[in-house]
Amino acid sequence: MAYAVSLESFEGPLDLLINLIHKNKIDICDIPIATITNQYLMQIRTWQDMDMDVASEFIVMAARLLEIKAKALLPKNEDEQEDSEDLQARLVRQLVEYKIFKEISRYFASREQVELGAIYRDPEYIPQNTEAVPLVIDPYSLEQCFKRLLFQKEEELEAIAPPQKIIRELFSIEEKIAEITDILIQAGEAGVSFSELLHPDISREEVVVTLLSLLEMVKTSGLRLLQNRVFIDFQIHREVENNEQ
Amino acid sequence: MNSDELAGIIEGILFGAGDGVSMSELCRCLDKPVSEVQFAMEILRQDYQSKARGIRLVQIKDSYQLSTKPDYYGYIKEITRHQEKTGLSRAALETLAIIAYRQPVTRLAVDELRGVSSSSAIQRLLDRGLICDGGRLEAPGRPILYKTTNAFLKTMGFTSLKEIPEFEVFSQGKQESFDLELLNSDSGKNDGSSEELLAVMLEKTMGDARILEAAQ
């Protein structure tokens with residue numbers, strides 16, 4: 001299966017709109033609403049085509065854009081509380097403000113990047129005369145302290161835990177069902193016993209998948225399982241005789 | 001006790017404390033008036049500004065602390081083997097920017113400005129101690145008002161909230177000249193190639209001197 005990866009990510013609908021406005025090299029205060037709405041909807045459709053969940057905020061904005069576009073096309077109604085210009089002006093205000101904060105967040109990021117390079121030393125632990133030190137503890141700092149401890153513990157555990165191997169699933173129920181169906185067709189009326197489906201060096205995983213496949217087949221494709229008493233092998237028959245006759 | 005000596009003692013106190021030490025605590029420990037301690041602090045600050053020093057004086061509001069110089073981080077991390085520190089996510093930075101300029105502010109107001117839900121970003125900022133509960137808004141539901149903390153100032157390298165550029169700097173398109181200013185100061189810091197060379201040479205000669213001393 002091929003995956004399409006979009007490298008652009010947006011923090012929200014406003015972020016996407018600003019990106020579109022920037023791409024089209026248009027003034028934020030003079031948005032051609034039809035063009036931008038179309039491009040916005042196209043972007044959302046692309047995401048949906050890629051099987052991505054589109055956050056509800058994006059859909060809400062799509063509705064707002066369409067409302068502005070629709071109202072702009074209709075003749076002005078005096079009674080209307082907000083006409084398309086008001087709606088658009090409100091959106092523009094929001095965009096302008098968001099853009100400023102985006103700018104500030106970039107400025108913060110650059111400052112943070114510098115400060116990440118500063119190392120502070122923790123106070124050395126020296127047993128103190130605790131009687132002389134008044135303990136000032138508020139619930140919030142206690143919580144912070146506790147979280148820090150938990151975090152440290154987690155990091156320690158991660159450090160000692162051996163790397164986990166992720167094992168690929170070797171057997172799928174679909175494949176197993178096809179396999180069992182073939183075996184049953186070959187066996188004909190005699191059917192097969194469950195133990196016959198299990199080859200000598202079978203893995204536990206394959207046994208489980210085989211059993212699950214059988215259960216699935218009983219449910220969907222008419223399979224008869226016969227067992228004389230509990231805890232012994234059982235016989236598997238296809239119930240297709242009637243159809244074939 | 002002259003001012004130089006006082007500066008030395010302050011340096012010792014700050015190194016020993018590790019944590020930030022407030023001006024009033026320093027005055028109490030040193031039994032000196034604020035003016036004298038401040039003067040000594042200024043000597044210390046000037047001294048640290050030299051490229052020959054790997055430590056800097058960090059001031060957050062009324063509290064003083066020592067840290068290594070960010071410019072030298074590239075070398076320091078070689079020895080400390082710190083896990084690479086990661087910065088805040090874009091969502092967290094946007095949220096923090098809004099809280100910093102609109103504080104005290106409710107989550108709802110942040111959501112509205114960003115056009116998306118900010119609850120997880122706010123939780124991360126709370127966890128990192130960059131924002132805190134700053135009271136309640138007297139409105140239905142009494143929502144929490146968030147404000148920035150001293151840890152925020154430290155993270156961003158500000159001495160106080162007053163040092164944060166005014167909102168107008170960003171809103172009136174002045175940020176270009178502002179960015180330029182930032183860039184210039186950055187390049188000023190980073191033209192260290194000759195400085196580095198000097199440092200290496202200095203280290204070498206010092207090493208030679210030590211060997212000579214040992215030989216004698």
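Small disclaimer: the values here were computed from a predicted structure and weren't measured. All chains are named by letter (A, B, ...) in the order of the sequence lines, taking the proteins before the strands, and each is independently numbered beginning at 1.
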Honestly, is A:Arg111 close enough over B:Phe158, meaning NZ or CZ under 6.0 Å from the six-membered ring centre and within 45° of the axis?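 Because its charged atom sits under 6.0 Å from the ring centre and within 45° of the axis, A:Arg111 does stack over B:Phe158.
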Contacting moiety of [X], where chain A heavy atoms sit under 4.5 Å:
X: B:Ala17; answer: backbone
X: B:Leu126; answer: both
X: B:Gln65; answer: side chain
X: B:Ala100; answer: side chain
X: B:Tyr72; answer: neither
X: B:Lys77; answer: neither

With the side chain counted from C-beta on, respond yes when [X] and [Y] share a heavy-atom pair under 4.5 Å apart, and no when they do not.
X: A:Leu116; Y: B:Pro70; value: no
X: A:Tyr98; Y: B:Ile98; value: no
X: A:Phe108; Y: B:Thr155; value: no
X: B:Met156; Y: A:Glu115; value: no

Which atom of [X] lies closest to which atom of [Y], heavy atoms considered:
X: A:Ile119; Y: B:Thr68; result: N-OG1, 2.8 Å
X: B:Leu66; Y: A:Tyr120; result: O-CD2, 3.5 Å
X: B:Asp127; Y: A:Lys147; result: OD1-NZ, 2.7 Å
X: A:Tyr140; Y: B:Ile131; result: OH-O, 3.9 Å
X: B:Val116; Y: A:Gly12; result: CG1-CA, 3.4 Å

Is a salt bridge present between B:Arg90 and A:Glu112, judged by a nitrogen-to-oxygen distance below 4.0 Å? no
Should the heavy atoms of other residues, nucleotides or ligands under 6.0 Å from [atom1] of [X] be counted, would the total exceed 12?
X: A:Gln48; atom1: CD; answer: yes
X: A:Lys102; atom1: NZ; answer: yes
X: B:Phe39; atom1: CZ; answer: no
X: B:Arg53; atom1: CZ; answer: yes
X: B:Asp31; atom1: CG; answer: no
X: B:Lys147; atom1: NZ; answer: no
X: A:Arg121; atom1: CZ; answer: yes
X: A:Leu157; atom1: CG; answer: yes

Side chain, backbone, both or neither: which part of A:Glu11 has a non-hydrogen atom closer than 4.5 Å to chain B?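 For A:Glu11, heavy atoms of backbone and side chain both lie under 4.5 Å from chain B.
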Once you measure the plane-to-plane angle for B:Phe170 and A:Tyr107, does it fall in the parallel (<30°), tilted (30-60°) or perpendicular (>60°) bin?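 Ring orientation, 0 to 90° scale: tilted.
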Drop me the distance from B:Glu94's CD to A:Glu103's CD, to the nearest 0.5 angstrom. 11.5 Å
Roughly how far, to the nearest 0.5 Å, is the CD1 atom of B:Ile99 from the CZ atom of A:Phe101? 10.5 Å
Based on non-hydrogen pairs under 4.5 Å, which of B:Ser89, B:Ala91, B:Gly16 is most in contact with chain A?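 Most heavy-atom pairs under 4.5 Å with chain A: B:Ala91.
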Checking A:Glu57 side chain against B:Ser117 main chain: does a donor-acceptor pair fall under 3.5 Å? yes
Distance-only, no hydrogens or angles: does the A:Ser105 side chain make a donor-acceptor pair with backbone N or O of B:Ala97 under 3.5 Å?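 No, because the side chain of A:Ser105 does not come within donor-acceptor range (under 3.5 Å) of the backbone of B:Ala97.
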Against chain B, work out which of A:Leu14, A:Ile104, A:Asp122, A:Ile100 has the most heavy-atom pairs shorter than 4.5 Å and name it. A:Ile104
